[in-house]
Amino acid sequence: FMLKTEHIGIAVKELAISIPLFEKLLNSKCYKTELVENEKVNTAFFKQGETKIELLESTDPNGVIAKFIERKGEGLHHIAFEVADIKAEMKRLQDEGFVLLNEEPKPGADNKLVCFLHPKGTNEVLIELCMDKKPV
Ligand code: ZN
């Protein structure tokens, strides 16, 4: 089951511009930046109550975030729901007819395992499931 809205992902052209912008907007400091190599993104995180804001900057002109900005411009990219058991939730959603963009949970930013749902099945909103990686 879904626990909460964990974070909202926003595609930006330049973190160097958007981090100070969101610091002003939220009146709180960016508490972490993290390169996610396999997704070709630089991320920056803000805490806003229970929910985080994740800014996403492409590190590669052919990366998914660069492509997204090319098509739609900067802006809302995805909503991430925290789940208790990502594999169980992936199976439940697949059984309900949703299309998963990755068949296995993959490593995401912020020490998470993540799975994305195809936006064509979710009113064009990219949905991410995420779960904290278990400490090894
Ligand atoms: Zn995310």
Side-chain angles (χ1 to χ4, degrees):
F1 56 102
M2 311 260 191
L3 297 172
K4 66 174 185 192
T5 303
E6 213 279 337
H7 65 265
I8 294 170
I10 298 173
V12 305
K13 285 181 183 163
E14 278 188 62
L15 285 183
I17 293 170
S18 293
I19 287 175
L21 174 68
F22 275 79
E23 285 181 336
K24 252 189 271 179
L25 174 70
L26 301 172
N27 197 22
S28 75
K29 289 277 168 205
C30 167
Y31 70 93
K32 179 161 82 170
T33 57
E34 183 183 347
L35 175 66
V36 186
E37 203 91 55
N38 63 325
E39 299 289 335
K40 297 176 178 147
V41 290
N42 253 320
T43 61
F45 285 89
F46 297 82
K47 274 213 174 73
Q48 191 60 26
E50 280 281 277
T51 306
K52 297 164 190 160
I53 303 289
E54 176 187 37
L55 302 181
L56 304 142
E57 171 198 71
S58 191
T59 59
D60 181 322
N62 295 312
V64 286
I65 294 299
K67 290 263 163 71
F68 176 89
I69 290 174
E70 230 175 76
R71 282 198 326 271
K72 300 191 167 181
E74 294 177 293
L76 185 60
H77 181 260
H78 66 272
I79 299 176
F81 297 114
E82 184 172 40
V83 297
D85 179 341
I86 195 165
K87 286 209 165 179
E89 200 61 28
M90 286 166 70
K91 172 150 190 351
R92 182 185 75 82
L93 291 166
Q94 213 163 22
D95 291 347
E96 294 281 8
F98 293 96
V99 178
L100 307 181
L101 291 179
N102 46 296
E103 291 290 315
E104 289 295 323
K106 61 179 180 177
D110 206 23
N111 199 39
K112 306 276 188 205
L113 287 173
V114 305
C115 175
F116 287 94
L117 303 186
H118 199 294
K120 79 179 176 197
T122 54
N123 282 171
E124 298 299 324
V125 178
L126 181 61
I127 303 291
E128 173 187 338
L129 308 177
C130 66
M131 181 178 81
D132 280 328
K133 266 190 224 166
K134 300 271 186 308
V136 187

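Being a predicted model, the structure only gives us computed values, none of them experimental. Start at 1 and go down the list; that is how both ligands and their atoms are numbered.
- You'll find the side chain of V125 stays beyond 4.5 Å of the side chain of L76, heavy atoms only.
- The number of protein N, O or S atoms lying under 2.8 Å from the Zn ion (ligand 1) is 4.
- Side-chain rings of H77 and F68 approach one another, their centers coming within less than 6.0 Å.
- T59 is listed as a side-chain neighbour of L35, based on a closest heavy-atom distance under 4.5 Å.
- Atoms SG and CZ, on C30 and F22 in that order, are 11.5 Å from each other to the nearest 0.5 Å.
- For the residue pair H7 / E82, no side-chain donor-acceptor distance below 3.5 Å is found, with atom types taken as modelled.
- The nearest pair of heavy atoms linking I86 to V83 is CA-CG2, 3.6 Å.
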